[in-house]
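Indexing begins at 1, ligand by ligand and atom by atom, following the structure's order.
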Amino acid sequence: MKLIVASNNKDKIAEIKAILSEMGFEVISQSEAGCNFEVDETGTTFAENAYLKAAAVVNATGEAAIADDSGLMVDALNGAPGVNTARYTPAGHEATYKENYEYLLHNMEQFDDRKARFVTDICCLFPNGDMVCSEGECRGQITRAPVGDGGFGYDPVFMPDGYEQTMAQLGTEVKNRISHRANALKEFRKKLREYNGTDK
Ligand code: IMP
């Protein structure tokens, strides 16, 4: 089955392609499908933003699209940065990954409770309007300082539960097995099988 990934984030596209190809999907990015636009993430939830991104690509191409909206939710910050994870600093969209995680570390300086979770919502939208959606999470801790140069985004400051290294140290193979994105895509595959009428 062919799916267009509704994203312009090359890091996210690479992970989604790796995980979905392994599951047997044929995956192309929205730019490879000729969609050279950005979608305003005006939703108030990850699920709404995933839908907005998938809908824009389905409307432009007439083909099925899959979108991922993700973020980091920190317990001590009452769930922030949440849907604003990509634009957390006052600089908003202009901020780099490094500026965003440095701002997070600064905001967490006084907290000993470092518990956090990454969340991914997946929306797969078909041209007939049907949707298969899923959610996945990865629980862990925010470190005191960044470590590692793999992955992307907040990976250098996130240590998944059960591991002694940050997501940025664990490597692609481990990340794509345990991440919020991997968990959401496993759930998506299960729900797609149910949608297609086979539980295998
Ligand atoms: P969005 O899903 O495009 O709104 O992006 C959410 C933001 O969350 C990204 O810009 C990254 O900063 C962060 N993010 C999403 N997924 C990951 C991940 O797997 N590791 C680290 N940071 C991530």
Counting heavy atoms not belonging to Asp40, are there more than 12 under 6.0 Å from its CG? no
By the side-chain hydrogen bond (donor to acceptor under 3.5 Å, both in side chains) test, which pairs, at least two apart or in different chains, include something from residues 141-157? Asp112-Arg144, Asp155-Lys175
Whether Lys17 and Glu32 form a salt bridge (side-chain N of Lys/Arg under 4.0 Å from carboxylate O of Asp/Glu) is what I want to check. yes
Give yes or no for whether the N/O distance cutoff of 3.5 Å, strictly under, is met between Tyr154 and ligand 1. yes
Counting neighbours of OH on Tyr88 that are heavy atoms of other residues, nucleotides or ligands and sit closer than 6.0 Å, is the number greater than 12? yes
Please say whether Asp69 places an N or O atom under 3.5 Å from an N or O atom belonging to ligand 1. yes
Give the residue, atom name and distance (to 0.1 Å) of the protein heavy atom nearest atom 16 (N) of ligand 1. Arg181 NH2, 2.9 Å
Just to verify, which of Phe118, Phe158, Phe46 counts as forming a ring pair (Phe, Tyr, Trp, His ring centres under 6.0 Å) with His180? Phe118
Among Gly153, Ala95, Gly71, Ala50, closest by heavy atom to atom 11 (C) of ligand 1 is Gly153
Can you figure out which of Lys53, Lys175, Glu15, Met167 has its heavy atom closest to atom 18 (C) of ligand 1? Lys175
In the structure I gave you, are the side-chain heavy atoms of Thr166 and Val157 within less than 4.5 Å of one another anywhere? no
Distance from atom 20 (N) of ligand 1 to nearest protein heavy atom, with residue and atom: Asp155 OD1, 2.7 Å
Between Asn8 and Gln30, a side-chain donor and acceptor under 3.5 Å: yes
Identify, for atom 8 (O) of ligand 1, the protein heavy atom at the shortest distance, and state residue, atom and that distance. Thr85 CG2, 3.2 Å
For atom 21 (C) of ligand 1, which of Phe152, Phe46, Phe158 has the closest heavy atom? Phe152
Would you say Lys12 has any N or O atom under 3.5 Å from an N or O of ligand 1, going by distance alone? yes
hydrophobic_cluster_shared for Val58 and Phe126, side chain cutoff 4.5 Å: no
For Phe118, take its heavy atoms, then give the atoms of ligand 1 lying under 4.0 Å from any of them. 20 (N), 21 (C), 22 (N), 23 (C)
Which of the atoms in ligand 1, numbered in the order shown and given with their element, are less than 4.0 Å from a heavy-atom of Glu41? 3 (O), 4 (O)
Identity of the nearest option to atom 9 (C) of ligand 1, non-hydrogen atoms only, from Gly43, Ala86, Ser7, Ser70: Ala86
